[in-house]
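All figures in this text were calculated on a predicted structure; none of them were measured in a lab. Chain A is the first sequence line, chain B the second, and so forth, proteins listed ahead of strands; every chain is numbered from 1.
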2 protein chains.
Amino acid sequence: MDERIRELKSRVQPGDRELVHGVLQRIGDKWSVMAIIVLAKRPRRFTELLDAIPGISRRMLTVTLRQLERDGLVERVFHTQPVPWTEYAVTDMGRSIREPLATVLEWVLDHREEILEHRARYDSSQITALDSRS
Amino acid sequence: MDERIRELKSRVQPGDRELVHGVLQRIGDKWSVMAIIVLAKRPRRFTELLDAIPGISRRMLTVTLRQLERDGLVERVFHTQPVPWTEYAVTDMGRSIREPLATVLEWVLDHREEILEHRARYDSSQITALDSRS
DNA sequence: CTGCATCCACCACGATACTG
DNA sequence: CAGTATCGTGGTGGATGCAG
C-alpha cells in the first residue's frame, strides 16, 4: 500500500494538486455522481434526467451537466430527426470513473458500522460535555 | 466492472446513500485528505500540523480534525508526561481510506491529459460563443 | 422541451481576537 | 501550546421566471 502510494506520488506533476482536488470536489458535490450513474445505464434527454434524479432542480441539472461536459465525462448530442432534441450520454472516460467510485463505495460499505459507532460515541460524549457546562 | 457494481449495489442499505455522499463530501473538502496524508506519515501535535499543512488556518484545522475524529479516522491522544500536550494520529480505518483515495488519484493521473484537453476545448468554444453574442 | 438568468438561503472557509 | 468565538465573504444549491 505504501509502495503503491510512493509509486503514484512519483507521477504527480506540479499542477496536479489542483486537478486532483477539483475531481474530488466534483464527486463530492451533490449531483455529479448520480448523473454519471444514471447516464451510464443509458443515454437520456434533459427531462428524462430530471425525472431520473429525484430532487434535482433544472438549474443544478444544467450546471452539473455542463461541468461534466467540460471535463469530458459526459457528452451532449443534438439530434434533428424526427424532431429536434438533445441527448446526454457518458463518454468512455465518464464510464471509467465508476471504477474508482466503486472502490470508494466499497470502502464505505466495509466501514459502515465502524463509522456509525464512532459518530454515536463522539456525539454522545459531546452532549455530556455540554451538559456539564451548564 | 458492471458485475462489480451490481455486487456492491446489493450491499447498499437504506441509509447508506447519505453516508456515502457524506464521505465523498469529506474527501472533497479542502483539508481532510491532506490531514490524513500528513498524519499517516507519523503522529503530530496541533502546531506541527499547522506547519505541515501550508495555508490552513487554525480554525479549519480544528474543524477538520474534529470531523475526522468523529468518523473515527483520526484520534486525539492527550499526554501528560513530561508536560501536557496533545497528539493526533490516524487510526487503522483512517490509514485504510488511503487505498480508495489512491485509486481515485490513479484515475486522475491516467486521465490528466484528456481532462485538460476537454476543458481547453470546451472553454474556447464558450469564448467564441460569447464573442458571437456581442 | 431545453435550457439560461436572477434572486435568495445556507454553508464552507478565512482572518483574527481571545482563553486556559 | 491548543484551541474557541466571532465576524465577514464567497461559493453551492434551490426556486422561479423567462426564452428559443
Side-chain angles (χ1 to χ4, degrees), chain A residues 18 21-35 38-39 43-70 74-89 122 125-126 129-130 132-134, chain B residues 18 21-35 38-39 43-70 74-89 122 125-126 129-130 132-134:
Chain A
E18 296 71 17
H21 183 242
V23 172
L24 288 176
Q25 269 195 295
R26 179 107 333 125
I27 67 179
D29 73 20
K30 200 165 178 182
W31 303 110
S32 293
V33 171
M34 181 65 43
V38 167
L39 284 177
R44 314 251 185 167
R45 44 189 357 192
F46 190 82
T47 314
E48 288 178 317
L49 286 170
L50 228 38
D51 296 336
I53 307 175
I56 196 171
S57 64
R58 277 175 301 171
R59 179 180 129 76
M60 286 316 297
L61 180 55
T62 302
V63 170
T64 300
L65 289 171
R66 291 297 167 278
Q67 289 171 336
L68 295 176
E69 188 187 358
R70 184 170 111 98
V74 161
E75 61 182 354
R76 181 161 44 155
V77 184
F78 300 96
H79 298 264
T80 52
Q81 297 300 328
V83 291
W85 89 94
T86 313
E87 189 181 65
Y88 291 92
Y122 182 92
S125 72
Q126 291 306 105
L130 284 175
S132 64
R133 224 165 48 109
S134 63
Chain B
E18 296 73 15
H21 184 242
V23 172
L24 288 176
Q25 269 195 296
R26 178 105 334 123
I27 68 179
D29 74 18
K30 199 165 178 181
W31 303 109
S32 294
V33 171
M34 182 63 45
V38 168
L39 285 177
R44 313 250 187 168
R45 44 197 339 190
F46 190 83
T47 314
E48 287 178 319
L49 285 170
L50 228 39
D51 296 337
I53 307 175
I56 196 170
S57 62
R58 276 174 300 175
R59 178 180 128 75
M60 286 317 296
L61 180 56
T62 302
V63 170
T64 301
L65 289 172
R66 291 298 169 278
Q67 289 171 336
L68 295 176
E69 188 187 358
R70 185 171 110 99
V74 161
E75 61 182 353
R76 180 162 44 155
V77 185
F78 302 96
H79 299 263
T80 53
Q81 298 298 331
V83 290
W85 89 93
T86 313
E87 188 181 64
Y88 291 92
Y122 183 92
S125 72
Q126 292 305 104
L130 284 175
S132 63
R133 225 166 48 111
S134 64

Residues at least two apart in sequence or cross-chain that pass salt bridge (charged side-chain N to carboxylate O under 4.0 Å, His left out) with R26(A), listed by chain then number, are D71(A)
In residues 51-65 of chain A, what donor-acceptor pairs under 3.5 Å come from side-chain atoms, sequence neighbours left out?
unit_1	atom_1	unit_2	atom_2	d
S57(A)	OG	M60(A)	N	3.2
T62(A)	OG1	R58(A)	O	2.9
T64(A)	OG1	M60(A)	O	2.7

Nearest-angstrom distance from the residue atom NZ of K30(B) to P of dC11(C)
19 Å
Return no unless some side-chain N or O of T47(B) is found under 4.0 Å from OP1 or OP2 of dC1(D).
yes
Between P on dC10(C) and CE on M60(A), what's the gap in Å once rounded to a whole number?
17 Å
Hits for side-chain contact (heavy atoms from CB on, under 4.5 Å) against E48(A), two or more places apart or cross-chain, chain-then-number order -> R42(A), R44(A), R45(A)
Side chain of F46(A) only, please: which of dT4(D), dG13(D), dG3(C) is the nearest?
dG3(C)
Roughly how many Å is it from CE in M34(B) to P in dC13(C), rounded to a whole number?
14 Å
Taking CD from Q126(A) and P from dT4(D), how many angstroms apart are they, rounded to a whole number?
9 Å
Round to a whole Å and report the spacing from CZ of R66(A) to P of dT12(D).
17 Å
With sequence neighbours excluded, what pairs up with R70(B) under the side chain to side chain donor-acceptor pair (under 3.5 Å) test?
D123(A)
Does the side chain of Q67(B) come within less than 4.5 Å of D29(B)'s, by heavy atoms?
yes
Compare the minimum distances between each of dA2(D), dT2(C), dG3(D) and the side chain of R45(A), then state the nucleotide with the smallest one.
dT2(C)
Is the phosphate of dG14(C) approached by W31(B) (side-chain N or O, under 4.0 Å from OP1 or OP2)?
yes
Would you say T86(A) places a side-chain N or O within less than 4.0 Å of OP1 or OP2 belonging to dT2(C)?
no
Quickly work out the H21(A) NE2 to dG11(D) P distance and round it to whole Å.
14 Å
My understanding is that only residues two or more places apart in sequence, or in another chain, count here; which of them pass salt bridge (charged side-chain N to carboxylate O under 4.0 Å, His left out) with R76(B)?
E69(B)
Whole-Å distance separating the CD atom of Q25(A) from the P atom of dG10(D)
17 Å
Can you measure D51(A) atom CG to dT2(C) atom P for me and round it to whole angstrom units?
10 Å
Extract all donor-acceptor atom pairs below 3.5 Å that involve side chains of residues 79-87 of chain B and protein atoms in other chains or at least two apart in sequence.
unit_1	atom_1	unit_2	atom_2	d
H79(B)	NE2	E87(B)	OE1	3.3

Would you mind reporting whether S32(A) and I27(A) have side-chain heavy atoms less than 4.5 Å apart?
no
Please enumerate all protein N or O atoms sitting under 3.5 Å from an N or O of nucleotides 16-20 of chain D, with distances to 0.1 Å.
unit_1	atom_1	unit_2	atom_2	d
dG17(D)	O6	R58(A)	NH2	3.2

Taking only side-chain N and O atoms of R76(A), does any of them lie within less than 4.0 angstrom of OP1 or OP2 on dG3(C)?
yes
Short side-chain N/O contact from Y88(A) to OP1 or OP2 of dG3(C), under 4.0 Å:
yes
The helix from dC1(C)-dG20(D) to dG20(C)-dC1(D): angle between its terminal axes, five pairs each, to 10°?
30°
